[in-house]
Amino acid sequence: MPRREGRTNAGRRRAGPSAGLDGDPTIRGPAATIASCLKETRMGWLRINDALAGEPGAEITVKGWIRTRRDSKADGGMSFLAVADGTCFDAIQAVARHDLPNYQSEVLRLTTGCAVEVDGTLVASQGKGQAVEIAAREVRVVGWVDDPDTYPVPQKRHTFEYLREVAHLRVRTNTFGAVARVRHRLAMSIHRFFDERGFFWVHTPIITASDAEGAGQMFRVSTLDAMARGDAAGGVDFSEDFFGREAHLTVSGQLNVETYCTALSRVYTFGPTFRAENSNTARHLAEFWMVEPEIAFADLLDDEKLAEDMLKFVLDDLLTHRADDMAFFDQRIEPGLIARLRDIVEKPFRVLPYTDAVRVLKESRKSFDFPVEWGSDLQTEHERYLTEEHFKQPVAVINYPKSIKAFYMRLNDPGTDGAPAETVAAMDILVPRIGEIVGGSQREERLEVLDARIAEMGLDPGPYWWYRDLRRYGTVPHAGFGLGFERLILLATGMANIRDVIPFPRAPKQCEF
RNA sequence: UCCCCGAUAGCUCAAUGGUAGAGCGAGCGGCUGUUAACCGCUAGGUUCAAGGUUCGAAUCCUUGUCGGGGAGCCA
């Protein structure tokens, strides 16, 4: 079933403007047939994604890794080789007959994981399960698997926990190959979404000197030997350090990107982010990727609309352009996934003031482990109730109590939403199963209010001098949000653990690969 | 970081104080235009580490390491 959709998909992609062989701009557009690919590409072989969409009769070469080998004694002996190169979900079947010169000596010794090159003719398959296959003229073994008995990823069921221990090989499995392609597609369509709307991608720094970005524990960046030995507690002279001051890995590009927002109007960051929190959950990483747009002349509802439009855009694009992988996730990882994603794409999100959310939770008469009180943050169980039971859809909770949110969020007028105390223009988008996927706000653009908030929270205004300048020189209402990229992948694939949607996860006590 | 659970063959698990087994995978053979195949045979274990209790420990106790589930922090 996914095979069929894979070919349909491949045909559509080939016809699109971005189709073609990697790195070869000549292979583009509807004219890209198999023959022209072979003729024009310097590499001289065919991606299996294109081979599966090809017309029988073509002479082709594919290169990839053996998924399975099945032998038959029929017609004097033949082997069926499933060869995958990662360009699509499916492998292609190559049929190697006994009269190949290396049939006894090599083909019959092929095992899962071996690297091969296959020359042959693309033909309509005589068997069920695939429309086309390669009648092999030559099978060249490029790389053997030295011990099939201990090859870490043979063709069998594996737990994700085990595969994490062999992260260098897990991408050879169906699931992790699909995750990798989906991750790429989502990243590219995020860029496309913003580019089409006139946003500029800003490369905010990875290393930051402001140690008070306010979003959790930070990793230190230092070249001081004393720091590495950890024996300089209290007496560190950071003027001797590389940057001449204390430096850390960024926990957010937001403050930096706000500067570009107040000149380029619509900007975003998309890059790695680091949190040194000792978080041991299926939803947290120490190193993750975050998308942070920032829009000028905009308020909180503009911000919510942007986040909602972006999520819908990228999920719709994914369902259209990675149909093969999505069919797999729908069948094997989370049954009903595609229908749920379609629902997210098609229905408007529920926008719910925090004050109303508290009322909904209280009126639910559910017995929560943590009681619901106006002024306290929503617990995981509360978020799940709202998105999974009550509304059964993504919910954008807006206008949170001032006391539980960051200093840069814009102070609302008293009485907004009938709240009993002061609120800020914050916004969290909650989705079923994942919880918070987007966290954003309208920023405080009034200098005197911002200063009051900094003082109120006991922060040192010194390091924020340039951030405050933005409020002194042509300040404008503006807003933005942060999207956890890996959480988006969880939502899109139905995968349960965030460590399985990033190639090499970094988490407490985990930095092996 | 807190609470709970776990670690035995390449992988997933059984064995509840008395000779460590099965399924999958792997190897060999049989059958088959095969495709989560099917049938037969074979190999494969310092039972996470260190210490303790006991005539005897995979099993009970202590500590540590790592993993999982839940929570907090958040994206």
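In what follows, chains are A, B, ... by sequence order, proteins preceding strands, each numbered from 1. All values derive from a computational prediction rather than experimental measurement.
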*Asks:* Of A/Phe485, A/Phe288, A/Trp201, A/Phe199, which is the lone residue that meets ring pair (Phe, Tyr, Trp, His ring centres under 6.0 Å) with A/Phe270?
*Replies:*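 Going through the options one by one, the only one that passes is A/Phe485.
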*Asks:* Quick check: any donor-acceptor pair below 3.5 Å linking the side-chain of A/Glu161 to the base of B/G69?
*Replies:*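 No, no donor-acceptor pair under 3.5 Å.
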*Asks:* Under 4.0 Å between any heavy atoms, over every strand shown, what does A/Ser79 touch: base, sugar-phosphate, or nothing? Just pick one.
*Replies:*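 The answer is nothing, as A/Ser79 stays clear of every strand by at least 4.0 Å.
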*Asks:* Tell me if the side-chain of A/Arg164 makes a donor-acceptor pair with the base of B/C66, cut-off 3.5 Å, by modelled atom types.
*Replies:*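 No pair found.
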*Asks:* Roughly how many Å is it from CG in A/Asp149 to C1' in B/G45, rounded to a whole number?
*Replies:*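 That distance rounds to 13 Å.
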*Asks:* Please report, rounded to the nearest Å, how far the P atom of B/G25 is from the CZ atom of A/Arg67.
*Replies:*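 So the CZ-P distance, A/Arg67 to B/G25, works out to 16 Å.
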*Asks:* Using Watson-Crick or G-U wobble geometry with both distances under 3.5 Å, which nucleotide pairs with B/G44?
*Replies:*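 The base-pairing partner of B/G44, which may sit in any strand shown, does not exist here.
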*Asks:* Remember a base hit wins even if backbone is also touched, and classify A/Leu285 as base, sugar-phosphate or nothing at under 4.0 Å, heavy atoms.
*Replies:*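 Result for A/Leu285 = base.
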*Asks:* For A/Arg332, I'd like to know if atom CZ has over 12 heavy atoms of other residues, nucleotides or ligands within 6.0 Å.
*Replies:*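 No.
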*Asks:* Look at the side chain of A/Ser279 and the base of B/C74, then say whether one donor and one acceptor between them are separated by less than 3.5 Å.
*Replies:*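 Not at all, since no donor on one side and acceptor on the other fall under 3.5 Å apart.
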*Asks:* Can you tell me whether the side chain of A/Lys156 and the base of B/C11 have a donor-acceptor pair closer than 3.5 Å?
*Replies:*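 Indeed there is one.
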*Asks:* Is there a donor N/O on one and an acceptor N/O on the other, under 3.5 Å, for the side chain of A/Glu277 and the base of B/U1?
*Replies:*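 No.
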*Asks:* Is A/Arg220 paired with A/Glu246 through a side-chain N to carboxylate O contact shorter than 4.0 Å?
*Replies:*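 Salt bridge present between A/Glu246 and A/Arg220.
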*Asks:* Name the nucleic acid region contacted by A/Tyr162, choosing base, sugar-phosphate or nothing; use a 4.0 angstrom heavy-atom cut-off, strictly under.
*Replies:*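 If one applies the 4.0 Å heavy-atom cut-off, A/Tyr162 turns out to touch the sugar-phosphate alone, with no base involved.
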*Asks:* Which part of the nucleic acid does A/Asp71 contact within heavy-atom distance under 4.0 Å: base, sugar-phosphate only, or nothing?
*Replies:*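 Here A/Asp71 touches the bases of the nucleic acid.
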*Asks:* May I ask you to verify whether the side chain of A/His158 and the base of B/C11 hold a donor-acceptor pair under 3.5 Å?
*Replies:*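 By the distance-only test, no, there is no pair.
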*Asks:* Salt bridge check: are A/Arg170 and A/Asp500 linked by an N-O gap of less than 4.0 Å?
*Replies:*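 A salt bridge links A/Arg170 with A/Asp500.
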*Asks:* When all nucleic acid strands are considered with a 4.0 Å heavy-atom cut-off, which category describes A/Thr273: base, sugar-phosphate, or nothing?
*Replies:*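 The answer is nothing, as A/Thr273 stays clear of every strand by at least 4.0 Å.
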*Asks:* NA contact type, A/Glu165, heavy-atom cut-off 4.0 Å: base, sugar-phosphate, or nothing?
*Replies:*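 Nothing, no heavy atom under 4.0 Å.
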*Asks:* Of A/Glu486 and A/Thr112, whose nearest nucleotide on RNA chain B comes first from the 5' end?
*Replies:*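 Between the two, 5'-proximity favours A/Thr112.
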*Asks:* Is there a donor and acceptor pair, one atom on the side chain of A/Gln126 and one on the base of B/U34, closer than 3.5 Å?
*Replies:*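 Under the 3.5 Å cut-off, the side chain and the base do not form any donor-acceptor pair.
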*Asks:* At less than 3.5 Å, do the side-chain atoms of A/Asn280 and the base atoms of B/U1 form a donor-acceptor pair?
*Replies:*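 Indeed there is one.
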*Asks:* Ignoring hydrogens and angles, does a donor from either the side chain of A/Arg157 or the base of B/A36 sit under 3.5 Å from an acceptor on the other?
*Replies:*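 Donor-acceptor pair under 3.5 Å: no.
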